[in-house]
Student: 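Sharing a structure below in structure tokens format, with a few things to ask.
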2 protein chains.
Amino acid sequence: MADFKNLTETKTASEEIFNGRILHLYRDTVTLPNGHSTTRETIRHVGAVAVVALNDANEVIVERQYRYPVDAVITEIPAGKLDSKTEDRLAAAKRELAEETGYTADEWISLGDYYPAAAYCDERITMYLARGLHRGEQKLDEDEFLNFSFVKLSDLVDEILSGRVTDGKTQAAVLKACLLLKND
Amino acid sequence: MADFKNLTETKTASEEIFNGRILHLYRDTVTLPNGHSTTRETIRHVGAVAVVALNDANEVIVERQYRYPVDAVITEIPAGKLDSKTEDRLAAAKRELAEETGYTADEWISLGDYYPAAAYCDERITMYLARGLHRGEQKLDEDEFLNFSFVKLSDLVDEILSGRVTDGKTQAAVLKACLLLKND
């Protein structure tokens with residue numbers, strides 16, 4: 001096993017390629033631990049939150065949403081982008097759950113952070129478990145289209161284990177919540 | 001709850017923004033279910049594989065690798081990109097494990113697919129559990145820097161549950177493997 005005391009790369013130049021509504025793309029030049037130079041294509045993203053919303057019957061809210069890049073309607077837990085890099089993440093999680101499903105929750109437990117693609121994107125998703133749900137009114141953006149429903153946590157775990165749920169944050173957050181609740 | 005029979009979006013135009021070494025960025029124009037038009041910033045990615053490599057002592061291979069976008073050395077399972085869109089995913093998983101760690105395996109079990117960021121990227125990661133490990137020689141690319149070691153599966157699960165492992169595919173694949181092995 002090679003021993004690299006210093007694995008870090010040092011930026012020597014940065015070129016902005018694209019500044020879009022969601023994605024901010026840079027091609028940076030870096031110096032590697034061996035002194036060589038290479039480029040890093042890097043997406044800068046505002047960050048996001050995701051919520052495992054569990055009711056008193058041990059059912060979880062899942063959404064069915066069309067995702068253009070993969071051209072499929074997929075199953076996901078409620079989630080959304082921060083309004084800004086500095087927005088409080090718990091506040092964002094409460095807002096996204098309320099907007100997408102109408103539900104509020106009495107109890108919010110952090111499930112930690114999740115980097116979807118640390119090789120090329122700085123997006124950090126903070127995951128929460130929300131319990132003690134209260135129903136309210138869904139407030140989707142005019143151009144947002146999704147359906148939501150409740151499924152048994154144990155059924156959702158089975159769907160994840162059998163490969164029928166392909167969304168990464170949903171897999172990680174739901175399995176984490178399941179194991180943490182078992183350890184309770 | 002709103003009922004959208006058709007959640008699908010239809011592409012009406014596509015603009016190539018950037019064609020890099022790893023990321024291929026498009027800004028597409030789509031028609032939404034309500035007839036409105038909007039843009040979708042979409043990364044096209046070749047696809048990838050990730051491997052939970054488990055030895056007979058119930059230890060898993062983890063790597064420590066610097067990830068430029070998040071400016072941190074993070075803990076990950078062995079993983080890598082496909083050589084092409086059409087490469088056989090199991091063959092790619094075997095190659096990546098051997099290159100990064102030197103290990104080969106007798107038994108390969110699919111852990112299903114994982115979309116890291118389906119909202120803006122089409123990358124699909126296929127995850128595997130590899131058992132019956134045999135040691136060989138690590139063959140890193142000249143400009144690839146990572147350390148690997150074995151950790152107890154139960155310790156790695158604890159690290160994930162406590163939030164100390166932030167890599168998404170590692171969280172999902174290891175928790176899946178843990179739950180599937182428990183159900184065995």
Side-chain angles (χ1 to χ4, degrees), chain A residues 1-4 7-9 17-18 20-23 25 27-28 30 32-34 36 38-43 64-70 73-74 110 112-123 138 140 143 145-148 157 160-161 163 166-169 171-172 175-176 179-180, chain B residues 1-4 7-9 17-18 20-23 25 27-28 30 32-34 36 38-43 64-70 73-74 110 112-123 138 140 143 145-148 157 160-161 163 166-169 171-172 175-176 179-180:
Chain A
M1 172 173 151
D3 181 27
F4 304 105
L7 297 162
T8 305
E9 302 169 1
I17 304 285
F18 177 70
R21 284 191 304 132
I22 295 171
L23 304 181
L25 175 62
R27 179 166 48 191
D28 290 358
V30 303
L32 297 171
N34 63 1
H36 292 187
T38 192
T39 55
R40 294 286 177 227
E41 297 160 13
T42 300
I43 300 282
R64 298 280 295 162
Q65 187 167 11
Y66 178 78
R67 292 302 196 174
Y68 177 76
V70 301
V73 175
I74 66 174
S110 173
D113 284 341
Y114 166 104
Y115 288 124
Y120 58 81
C121 182
D122 73 349
E123 182 183 8
Q138 195 186 29
L140 290 179
D143 288 342
F145 304 91
L146 60 88
N147 294 326
F148 76 90
V157 169
I160 291 170
L161 294 183
T166 51
D167 181 55
K169 65 184 176 299
Q171 294 184 16
L175 296 186
K176 264 188 153 178
L179 285 164
L180 286 168
Chain B
M1 175 173 153
D3 181 28
F4 304 106
L7 297 162
T8 304
E9 302 168 3
I17 304 286
F18 177 71
R21 283 191 305 131
I22 295 170
L23 304 180
L25 176 62
R27 180 166 49 191
D28 290 358
V30 303
L32 298 171
N34 63 1
H36 291 186
T38 192
T39 55
R40 294 287 178 226
E41 296 160 13
T42 300
I43 301 283
R64 298 281 296 164
Q65 187 166 11
Y66 178 77
R67 292 302 196 175
Y68 178 75
V70 301
V73 175
I74 66 174
S110 174
D113 284 342
Y114 167 103
Y115 288 126
Y120 58 81
C121 182
D122 73 349
E123 182 182 9
Q138 194 185 29
L140 290 180
D143 288 341
F145 304 90
L146 60 87
N147 293 327
F148 76 89
V157 168
I160 291 170
L161 294 183
T166 52
D167 181 55
K169 65 184 177 299
Q171 294 184 15
L175 296 186
K176 265 189 154 178
L179 285 164
L180 287 168

Student: For the residue pair A:Pro69 and B:Thr42, what are the closest heavy atoms and their distance?
Tutor: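 So the minimum-distance heavy-atom pair works out to CB-CG2, 3.7 Å.
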Student: Identify which part of B:Arg27 has an atom lying under 4.5 Å from any heavy atom of chain A, answering side chain, backbone, both or neither.
Tutor: side chain
Student: Look at A:Gln171, A:Gln65, A:Arg40, A:Lys169 and state which one has the largest set of heavy-atom pairs under 4.5 Å with chain B.
Tutor: A:Gln171
Student: Indicate the atoms forming the closest heavy-atom contact of A:Ile160 with B:Lys176, along with that distance.
Tutor: O-CE, 2.9 Å
Student: Name the member of A:Ser110, A:Ala117, A:Cys121 that forms the most heavy-atom pairs with chain B at distances under 4.5 Å.
Tutor: A:Cys121
Student: Where do A:Leu7 and B:Tyr66 come nearest, in terms of heavy atoms and distance?
Tutor: O-CB, 3.1 Å
Student: Which bit of B:Thr8 comes within less than 4.5 Å of chain A, counting heavy atoms only: side chain, backbone, both or neither?
Tutor: both
Student: Just give me the residue among A:Asp28, A:Asp122, A:Leu23, A:Leu32 that pairs up with chain B most often, heavy atom to heavy atom, under 4.5 Å.
Tutor: A:Leu23
Student: Quick check for you: among B:Val70, B:Ile17, B:Val157, which has the greatest number of heavy-atom pairs under 4.5 Å with chain A?
Tutor: B:Val70
Student: Measuring heavy-atom distances to chain B, does A:Thr38 have an atom under 4.5 Å in its side chain, in its backbone, in both, or in neither?
Tutor: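 Answer is side chain: those atoms of A:Thr38 sit under 4.5 Å from chain B.
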Student: Please classify the contact of B:Thr39 with chain A as side chain, backbone, both or neither, using a heavy-atom distance under 4.5 Å.
Tutor: both
Student: Select, from A:Asp167, A:Leu25, A:Ile74, the one with the greatest count of heavy-atom pairs under 4.5 Å involving chain B.
Tutor: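 Sorted descending by pairs with chain B, the first entry is A:Leu25.
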Student: Using atom types as modelled and distance alone, determine if a side-chain donor or acceptor of B:Glu41 lies under 3.5 Å from a backbone N or O of A:Arg21.
Tutor: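 At least one qualifying donor-acceptor pair exists.
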Student: Minimum heavy-atom separation for A:His36 and B:Asp143, please, with both atom names.
Tutor: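 Scanning both residues, the minimum pair turns out to be ND1-OD1, 2.8 Å.
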Student: Is any side-chain heavy atom of A:Arg67 less than 4.5 Å from a side-chain heavy atom of B:Tyr115?
Tutor: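 A side-chain contact is absent here, since even the closest heavy-atom pair is not under 4.5 Å.
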Student: Quick one: which of A:Leu179, A:Ile43, A:Val73, A:Leu180 has the most heavy-atom pairs under 4.5 Å with chain B, could you say?
Tutor: A:Leu179
Student: Provide the closest heavy-atom pair for B:Tyr114 versus A:Gly168 in the form atom of the first, atom of the second, distance.
Tutor: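 It is CE1-CA, 3.3 Å.
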Student: In terms of heavy-atom pairs under 4.5 Å with chain B, which of A:Gly163, A:Ala119, A:Ala172 leads?
Tutor: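 Answer, by heavy-atom pair count under 4.5 Å with chain B: A:Ala119.
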